[in-house]
Amino acid sequence: MRVIIQRVKSSQVEVNGEIVGKIGCGLNLLVGIADTDTETELDWMARKCLELRLFPDTASEGGRWDKSVQDIGGELLVVSQFTLYGDCRKGRRPSFDRSAAPERAEFFYDKFVEKLRQSGLKVETGVFGAQMQVLIENDGPVTLVLERESASIV
């Protein structure tokens with residue numbers, strides 16, 4: 001499983017010119033599901049996204065990153081993005097062999113979103129498999145790549 005995690009001031013996703021998900025301060029998560037992902041990867045990734053300290057403690061000297069999205073009561077926008085598993089090493093067209101099949105990916109994506117919603121935070125989403133426009137007001141900018149491979153392939 002791969003997630004591009006971005007600290008944002010705001011973010012929204014549109015489908016056919018209509019806003020389907022919108023958040024204020026929090027995290028924008030671009031999510032790719034691998035063909036080998038299991039519930040173990042989902043659990044780890046949800047916990048990591050919720051607990052990772054990416055927000056400054058305004059009381060600390062120099063604005064150290066001491067707070068998680070949970071600590072600040074932030075919001076999450078979760079957007080499916082199978083292209084995170086695009087392999088561009090050969091040829092001129094990306095290969096998506098490691099991406100989960102659409103039905104499997106949607107099932108795991110929905111489970112991941114549900115795990116995040118269990119935190120009680122506001123969680124918005126895009127539309128799985130749709131052509132989407134994602135508007136991101138990156139804060140920092142802070143952008144990290146999180147990856148958790150299935151133990152079956154390590």
Side-chain angles (χ1 to χ4, degrees), residues 1-55 65 68-70 72 74-119 121-154:
M1 183 171 191
R2 287 184 183 150
V3 173
I4 305 298
I5 186 170
Q6 298 171 300
R7 187 176 74 190
V8 297
K9 291 185 177 184
S10 66
S11 187
Q12 71 181 37
V13 61
E14 298 178 4
V15 176
N16 296 323
E18 188 176 322
I19 297 171
V20 296
K22 183 176 183 175
I23 64 166
C25 180
L27 298 174
N28 188 92
L29 307 176
L30 304 175
V31 179
I33 306 293
D35 57 354
T36 56
D37 284 342
T38 67
E39 189 108 15
T40 301
E41 286 74 46
L42 295 181
D43 288 339
W44 183 90
M45 192 64 75
R47 227 176 16 260
K48 185 62 84 170
C49 289
L50 292 169
E51 296 175 358
L52 199 57
R53 295 178 185 179
L54 298 176
F55 295 88
W65 293 356
S68 69
V69 70
Q70 289 185 114
I72 67 159
E75 302 174 347
L76 301 160
L77 179 62
V78 187
V79 178
S80 63
Q81 190 168 353
F82 79 96
T83 60
L84 292 179
Y85 277 98
D87 184 350
C88 299
R89 292 177 291 179
K90 294 170 108 180
R92 296 181 295 159
R93 184 173 297 138
S95 167
F96 298 102
D97 291 345
R98 293 211 36 230
S99 294
E103 302 80 27
R104 178 177 169 78
E106 185 172 15
F107 175 78
F108 277 98
Y109 170 78
D110 289 342
K111 285 185 81 84
F112 179 65
V113 169
E114 183 52 40
K115 288 176 186 297
L116 294 172
R117 285 190 170 133
Q118 290 172 5
S119 70
L121 297 177
K122 176 183 177 183
V123 179
E124 297 277 309
T125 66
V127 176
F128 186 90
Q131 177 69 33
M132 296 176 274
Q133 287 67 51
V134 183
L135 304 171
I136 301 167
E137 185 181 3
N138 205 311
D139 182 18
V142 174
T143 302
L144 300 165
V145 178
L146 303 178
E147 187 164 15
R148 174 75 179 205
E149 295 292 336
S150 171
S152 65
I153 64 167
V154 175

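Keep in mind that what you see is a predicted model, and the values were worked out from it rather than measured.
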Return yes if some donor-acceptor pair links the side-chain N/O of [X] with the main-chain N/O of [Y] below 3.5 Å, else return no.
| X | Y | result |
| --- | --- | --- |
| D87 | R89 | yes |
| E41 | T38 | yes |
| R7 | V142 | no |
| R117 | V123 | yes |

Could you tell me whether the side chain of [Y] reaches within less than 4.5 Å of the side chain of [X], counting heavy atoms only?
| X | Y | result |
| --- | --- | --- |
| V15 | Q131 | no |
| V13 | Q133 | no |
| V3 | L30 | no |
| L54 | L27 | yes |

Modelled atom types, side-chain donor and acceptor of Q70 and S68, under 3.5 Å: no
More than 12 heavy atoms from other groups under 6.0 Å of CZ on R53: no
Give a yes or no on this: more than 12 heavy atoms of other residues, nucleotides or ligands lie within 6.0 Å of atom CD of Q118. yes
Shortest non-hydrogen contact from [X] toward [Y]:
| X | Y | result |
| --- | --- | --- |
| C49 | L116 | CB-CD2, 4.4 Å |
| V69 | L50 | CG1-O, 3.7 Å |
| V134 | S11 | CG1-OG, 4.3 Å |
| C25 | I72 | SG-CD1, 3.9 Å |
| D37 | R148 | OD1-O, 4.0 Å |
| T125 | Y109 | CB-OH, 3.4 Å |

Given the side-chain rings of F96 and Y85, with only the six-membered ring counted for Trp, is the space between their centroids under 6.0 Å? no
Check against side-chain hydrogen bond (donor to acceptor under 3.5 Å, both in side chains), D35 and S99: CA-CA 5 Å; D35 57 354; S99 294; over 6 Å; no
From [X] [atom1] over to [Y] [atom2], what is the distance, rounded to the nearest 0.5 angstrom?
| X | Y | atom1 | atom2 | answer |
| --- | --- | --- | --- | --- |
| T40 | M1 | OG1 | CE | 12.0 Å |
| L29 | I5 | CG | CD1 | 5.5 Å |
| M45 | L146 | CE | CG | 5.5 Å |
| R2 | Q81 | CZ | CD | 11.5 Å |
| I33 | L42 | CD1 | CG | 6.0 Å |
| F82 | R98 | CZ | CZ | 15.0 Å |

Run the salt-bridge test on K115 and E39 with the 4.0 Å N-O cut-off and return the result as yes or no. yes
Determine, stepwise, if the pair K122 / K22 fulfils side-chain contact (heavy atoms from CB on, under 4.5 Å). CA-CA 10 Å; K122 176 183 177 183; K22 183 176 183 175; 5.6 Å; no
Take M132 and V79 through the test side-chain contact (heavy atoms from CB on, under 4.5 Å) and record every step on the way to the result. CA-CA 9 Å; M132 296 176 274; V79 178; 3.8 Å; yes
Any chance you could lay out the side-chain contact (heavy atoms from CB on, under 4.5 Å) test for L76 and I23, step after step, and finish with the verdict? CA-CA 7 Å; L76 301 160; I23 64 166; 5.6 Å; no
With side-chain contact (heavy atoms from CB on, under 4.5 Å) as the test, would you mind laying out the steps for T143 and N138 before giving the verdict? CA-CA 8 Å; T143 302; N138 205 311; 3.0 Å; yes
